[in-house]
Amino acid sequence: MSLSTHTTTSGFLLPSIHSAPPFFTEQPNPTTQSIATEQWIRLILSYARHRKLFVLRVEDAETIGNDWEEILRNDRINRTVLPNHLSNLMKAMVERNLAGYEPPKQMRSVLVFWRLPEEWAEVLYDWVVSSGQLSTILTFYDITDPPIESALTNIPIPLLRKAIAILGKTGRSQLIAIADGEGVRFLPRSK
């Protein structure tokens, strides 16, 4: 089989490297492995953005029918990323601040930063301003499950917390204790 691009059932265009059997295994040559790792990271990030996926687990390499199957498997060439290889890719992503272990203190599950936390902070602030909610106290639920779907719909709470903390450092957000737990107030940009 020659190297060729392929469009998945979700409409994602896989790069031609995805049809190369060696792409699915760790390479003994460090230079070759480094290049393959960079290509995998780019693929994982672009696929996550395409599908709006946030969590990648080592188990995703072993299970059939999961959200990541379209890129972790290639049935056309009978190849699958092995769990240990996926774990190493996740580690490389964490080292480059393109993912973070979640929950912390384990290495089998990561939050994928297809937008960096700093970018999410700006998306969050822009959403608050455009929806007229400056100075309003919002719960995390209000943000992650708004009445009208937004870019923040279903964002994981740990990633939302990172974005809020970034805004807090610039004086644009303030965590507030409320009856149901925590809320956040977004403040106008200081001049």
Side-chain angles (χ1 to χ4, degrees), residues 10-12 40-61 63 65-72 86-191:
S10 71
F12 183 75
W40 266 113
I41 289 172
R42 228 178 0 258
L43 177 60
I44 289 168
L45 291 173
S46 60
Y47 186 75
R49 180 182 289 266
H50 171 77
R51 296 276 316 271
K52 296 190 176 189
L53 301 176
F54 291 99
V55 178
L56 177 62
R57 297 175 184 85
V58 172
E59 293 76 30
D60 291 330
T63 57
N66 67 68
D67 290 334
W68 295 93
E69 184 176 21
E70 288 182 328
I71 65 167
L72 299 180
L86 182 57
S87 179
N88 289 336
L89 293 170
M90 290 165 46
K91 180 180 178 201
M93 291 177 73
V94 170
E95 288 169 353
R96 291 166 176 81
N97 292 319
L98 298 172
Y101 290 115
E102 187 58 43
K105 300 182 183 176
Q106 56 79 41
M107 298 177 74
R108 298 195 54 85
S109 176
V110 294
L111 275 179
V112 177
F113 301 152
W114 46 271
R115 276 192 179 130
L116 296 175
E118 295 79 9
E119 294 170 310
W120 280 113
E122 293 308 316
V123 168
L124 173 58
Y125 195 78
D126 290 347
W127 174 77
V128 167
V129 170
S130 69
S131 61
Q133 300 187 84
L134 275 177
S135 300
T136 303
I137 297 174
L138 299 170
T139 65
F140 290 176
Y141 178 80
D142 293 332
I143 298 166
T144 62
D145 192 19
I148 299 171
E149 189 169 325
S150 78
L152 299 158
T153 300
N154 297 324
I155 185 173
I157 298 300
L159 186 51
L160 178 61
R161 283 183 182 282
K162 286 179 186 290
I164 291 169
I166 290 165
L167 292 173
K169 289 177 185 173
T170 59
R172 294 185 284 165
S173 74
Q174 177 183 40
L175 280 176
I176 297 172
I178 57 175
D180 297 353
E182 286 182 298
V184 61
R185 179 183 326 201
F186 294 94
L187 309 166
R189 292 181 195 267
S190 52
K191 297 183 182 191

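Every heavy atom of this structure was used, including side-chain atoms; hydrogens, water molecules and symmetry mates were not.
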Aromatic contact, W127 with W120 (centres under 6.0 Å):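 They do not qualify: ring centres at least 6.0 Å apart.
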Gap separating the [atom1] atom of [X] from the [atom2] atom of [Y], nearest 0.5 angstrom:
X	Y	atom1	atom2	result
R185	T136	CZ	OG1	9.0 Å
L53	N154	CG	CG	11.0 Å
H50	S10	NE2	OG	3.5 Å
T139	D145	OG1	CG	9.5 Å
K162	I155	NZ	CD1	11.5 Å
D142	S131	CG	OG	10.0 Å

Go through the structure and list residues passing salt bridge (charged side-chain N to carboxylate O under 4.0 Å, His left out) with D67, not counting sequence neighbours.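 Counting only residues at least two positions away or on another chain, D67 forms a salt bridge (charged side-chain N to carboxylate O under 4.0 Å, His left out) with R51.
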Check whether any side-chain N or O of [X] sits under 3.5 Å from a backbone N or O of [Y] as a donor-acceptor pair, and report yes or no.
X	Y	answer
E122	E119	no
D60	R57	yes
T144	T153	no

Donor-acceptor pairs under 3.5 angstrom involving side-chain atoms of residues 106-113: please list them, not counting sequence neighbours.
from: Q106; atom 1: OE1; to: R108; atom 2: N; distance (Å): 2.6
from: Q106; atom 1: OE1; to: S109; atom 2: N; distance (Å): 3.0
from: Q106; atom 1: NE2; to: E102; atom 2: O; distance (Å): 3.4
from: Q106; atom 1: NE2; to: P103; atom 2: O; distance (Å): 2.7
from: Q106; atom 1: NE2; to: S109; atom 2: O; distance (Å): 2.8
from: R108; atom 1: NE; to: E59; atom 2: OE2; distance (Å): 2.9
from: R108; atom 1: NH2; to: E59; atom 2: OE2; distance (Å): 2.7
from: S109; atom 1: OG; to: E102; atom 2: O; distance (Å): 3.0

Please walk me through it: do D126 and V123 pass side chain to side chain contact (heavy atoms under 4.5 Å, CB included)? CA-CA 5 Å; D126 290 347; V123 168; 5.9 Å; no
Derivation and outcome, side chain to side chain contact (heavy atoms under 4.5 Å, CB included), residues I44 and I71: CA-CA 8 Å; I44 289 168; I71 65 167; 4.0 Å; yes
Find out whether L89 and K91 are in side-chain contact, i.e. whether some heavy atom of one side chain is under 4.5 Å from a heavy atom of the other.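 Sidechains of K91 and L89: no contact.
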Heavy-atom side-chain contact between Y125 and I166 under 4.5 Å: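 Answer no - side chains too far apart.
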Mind checking side-chain hydrogen bond (donor to acceptor under 3.5 Å, both in side chains) for T63 and listing every partner two or more places apart, or none if nothing turns up?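 Testing T63 for side-chain hydrogen bond (donor to acceptor under 3.5 Å, both in side chains), a comparison that skips the adjacent residues, returns N66.
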Checking side chain to side chain contact (heavy atoms under 4.5 Å, CB included) for the pair L43/F12: CA distance, chi angles, key distance, verdict? CA-CA 10 Å; L43 177 60; F12 183 75; 3.6 Å; yes
Over all atoms of both residues, closest heavy-atom pair of [X] and [Y]:
X	Y	answer
A163	L124	CB-CD2, 4.3 Å
A92	I41	CB-CD1, 4.1 Å
I137	G183	CG2-CA, 4.4 Å
P188	L134	N-CD2, 4.0 Å
F140	L175	CZ-CD2, 3.9 Å

Give the intermediate values and the outcome of salt bridge (Lys or Arg N to Asp or Glu O under 4.0 Å) for residues R161 and E182. CA-CA 11 Å; R161 283 183 182 282; E182 286 182 298; 2.4 Å; yes
Could you check V184 against F186 for side chain to side chain contact (heavy atoms under 4.5 Å, CB included), going step by step and ending with a plain yes or no? CA-CA 6 Å; V184 61; F186 294 94; 3.4 Å; yes
Could you label the plane-to-plane angle of the F54 and W114 rings as parallel, tilted or perpendicular, counting under 30° as parallel and over 60° as perpendicular?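 The rings of F54 and W114 sit tilted, inter-plane angle from 30° to 60°.
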